[in-house]
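Below you'll find the structure, written out as structure tokens, and then a few comments.
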Amino acid sequence: MTIQSTIFSPAGDSAQPSDANPIYDVIIVGTGLAGYTLSRELRKLDTESSLLLISQDDAAYYSKPMLSNGLAKDKSAADLAAQDAQAMSDNLQATIINYATVSRIDADKSCITVNGGELQYKKLVLATGALQIKLPIKGNGADDTISVNDLAEYAEFRKRLEGIDRVAVMGPGLIGCEFANDLASIGKTTVIIGPDQYPLERLLPPEVGAELKQGLSGLGVEWHLGTFVTHIDRLPESGGEGTGGYSLALDNGETVEAGLVLSAAGLKPDCSLAEQAGLAIGTGIQVDRTLLSSVPNIYAIGDCAEVCGLVLPYVMPIMHAAKTLAANLAKASENGEQAAAMVSYPGMPVVVKTPAYPLVVASPAPDLDGSWSVEQSAGGVVASFLSPEGELLGFVLAGDRVAEKTKMGRKLPALLN
Ligand SMILES: Cc1cc2nc3c(=O)[nH]c(=O)nc-3n(C[C@H](O)[C@H](O)[C@H](O)COP(=O)(O)OP(=O)(O)OC[C@H]3O[C@@H](n4cnc5c(N)ncnc54)[C@H](O)[C@@H]3O)c2cc1C
């Protein structure tokens, strides 16, 4: 199905360029939390710059974290879409083009190609997000797996869940466990499969991972850990209606059957546009503390960005980066009236949405030397990741101890200062 792009212009239109071949002061590629949060921050400082946002999707504003607890809250995709593109255009005094793909950047000419046409910018921001990692699985059902990384995929997920009792989730990480909790809470039998020895293996000490596993098992979640899916094959339909489900062959020789397979194997920064334009890429689009890439006038923010070596695909880093980048994009900064703003990241604990076993995780900065010290009590767990000198570098709170998030968060060293 082809959906035509629409151009949404704000009522009043004060900040829009008027000539036939406009040069936008700022063009943002992407209308996820990064693109829209940045736009809001920019408008707090600067109501004059012409602003254009472009999105491959419908450009509705929604909170992505709600995708993995929307079933328990009985939220449809339409419920989660807090504001549509027209409302966002009006609020932000911005032009928004939806269902449009930016296919090329010509940094020398300061222009981008969108749906075959060219648009010019003074400043360009890439807020292209992250892509699901596709697992190398064989079988005639391998392409039927679903992943949920935007509103359209969430709508598809809800539709395909209808009449399905048993769901396989590939990936025992944070997002896989959140979806498993959500699925189990509405009565779906959920099977988690993945190579790790325990859930959230990269974030939790083993004893806390074991308790999370137990908590989810209490909701009926089943586990196949230490192995992975090699083949997915469609099962023959029995009643002539609907799907016959899938048979998943595991590396350890076992087989799992499920009516739907959800892939939650992780996300990687979407650097495709940046790569084509010759921007420096590491794990993500490399930017400095001003959020500027290796190419003048091109910036990156959100899940696609690697800020001074850090790829932090969470909401709080976006909030901090958006304030900084807005200051650097605002007219005053362009006129040289202000020194460039630099982003700082404090320690930023993340709430894991597994109500079966409440968790807060504050991961230490990568490559830091240290070890876990775990304190268990009747109310829950406080696990501290300590340097060899005893300094707190990260922590995990579980059970009732999640209430200590703010207190513990204050003790964390900054990730970027
Ligand atoms: C299920 C789930 C649950 C989560 N829960 C939490 C949580 O509880 N707490 C937390 O802190 N974080 C959570 N996260 C992470 C958090 O939601 C993300 O860090 C954040 O939403 C990323 O926003 P973004 O704008 O960078 O990317 P996205 O929201 O992915 O936006 C990318 C945008 O770029 C557009 N785009 C891409 N390429 C092009 C192109 N070439 N042309 C035009 N448009 C393009 C897309 O259409 C889209 O509009 C969760 C993530 C997921 C998937």
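Scope of the values below: all heavy atoms of this structure, side chains included, with no hydrogens, waters or symmetry mates. Numbering of ligands and ligand atoms starts at 1, following listing order. The shown structure was predicted, so the numbers you read here are calculated from the model rather than taken from an experiment.
- The cationic group of Arg40 lies under 6.0 Å from the six-membered ring centre of Tyr61 and within 45° of the ring axis, placing it in a cation-pi geometry.
- Under a 3.5 Å cut-off, the side chain of Thr101 and the backbone N or O of Ser103 do not form any donor-acceptor pair.
- Evaluation of the side chain to side chain donor-acceptor pair (under 3.5 Å) rule for Asp57 yields Ser55 as partners, not counting sequence neighbours.
- No more than 12 heavy atoms of other residues, nucleotides or ligands lie within 6.0 Å of NZ in Lys323, so this atom counts as exposed by the packing criterion.
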Q) Could you walk me through whether Ile105 and Gln276 pass the side chain to side chain contact (heavy atoms under 4.5 Å, CB included) check? A) CA-CA 8 Å; Ile105 301 169; Gln276 166 273 315; 4.2 Å; yes
Q | Trace of the side chain to side chain contact (heavy atoms under 4.5 Å, CB included) decision for Lys122 with Ile23 | A | CA-CA 7 Å; Lys122 289 185 187 166; Ile23 301 175; 4.0 Å; yes
Sub-3.5 Å pairs, protein N or O with ligand 1 N or O:
{"unit_1": "ligand 1", "atom_1": "5 (N)", "unit_2": "Lys353", "atom_2": "NZ", "d": "2.9"}
{"unit_1": "ligand 1", "atom_1": "8 (O)", "unit_2": "Lys353", "atom_2": "NZ", "d": "2.5"}
{"unit_1": "ligand 1", "atom_1": "11 (O)", "unit_2": "Val315", "atom_2": "N", "d": "2.9"}
{"unit_1": "ligand 1", "atom_1": "19 (O)", "unit_2": "Asp303", "atom_2": "OD1", "d": "2.7"}
{"unit_1": "ligand 1", "atom_1": "19 (O)", "unit_2": "Asp303", "atom_2": "OD2", "d": "3.3"}
{"unit_1": "ligand 1", "atom_1": "19 (O)", "unit_2": "Pro313", "atom_2": "O", "d": "3.2"}
{"unit_1": "ligand 1", "atom_1": "19 (O)", "unit_2": "Tyr314", "atom_2": "N", "d": "3.4"}
{"unit_1": "ligand 1", "atom_1": "25 (O)", "unit_2": "Leu33", "atom_2": "N", "d": "3.2"}
{"unit_1": "ligand 1", "atom_1": "25 (O)", "unit_2": "Ala34", "atom_2": "N", "d": "2.9"}
{"unit_1": "ligand 1", "atom_1": "26 (O)", "unit_2": "Asp303", "atom_2": "N", "d": "2.9"}
{"unit_1": "ligand 1", "atom_1": "29 (O)", "unit_2": "Lys64", "atom_2": "NZ", "d": "3.2"}
{"unit_1": "ligand 1", "atom_1": "30 (O)", "unit_2": "Lys64", "atom_2": "NZ", "d": "2.8"}
{"unit_1": "ligand 1", "atom_1": "34 (O)", "unit_2": "Ala127", "atom_2": "O", "d": "3.3"}
{"unit_1": "ligand 1", "atom_1": "41 (N)", "unit_2": "Val102", "atom_2": "O", "d": "3.1"}
{"unit_1": "ligand 1", "atom_1": "42 (N)", "unit_2": "Val102", "atom_2": "N", "d": "2.9"}
{"unit_1": "ligand 1", "atom_1": "44 (N)", "unit_2": "Gln56", "atom_2": "N", "d": "3.2"}
{"unit_1": "ligand 1", "atom_1": "47 (O)", "unit_2": "Ser55", "atom_2": "OG", "d": "3.2"}
{"unit_1": "ligand 1", "atom_1": "47 (O)", "unit_2": "Gln56", "atom_2": "N", "d": "3.2"}
{"unit_1": "ligand 1", "atom_1": "47 (O)", "unit_2": "Asp57", "atom_2": "OD2", "d": "3.4"}
{"unit_1": "ligand 1", "atom_1": "49 (O)", "unit_2": "Thr31", "atom_2": "N", "d": "3.0"}
{"unit_1": "ligand 1", "atom_1": "49 (O)", "unit_2": "Thr31", "atom_2": "OG1", "d": "3.4"}
{"unit_1": "ligand 1", "atom_1": "49 (O)", "unit_2": "Ser55", "atom_2": "OG", "d": "3.1"}
{"unit_1": "ligand 1", "atom_1": "49 (O)", "unit_2": "Asp57", "atom_2": "OD2", "d": "3.3"}

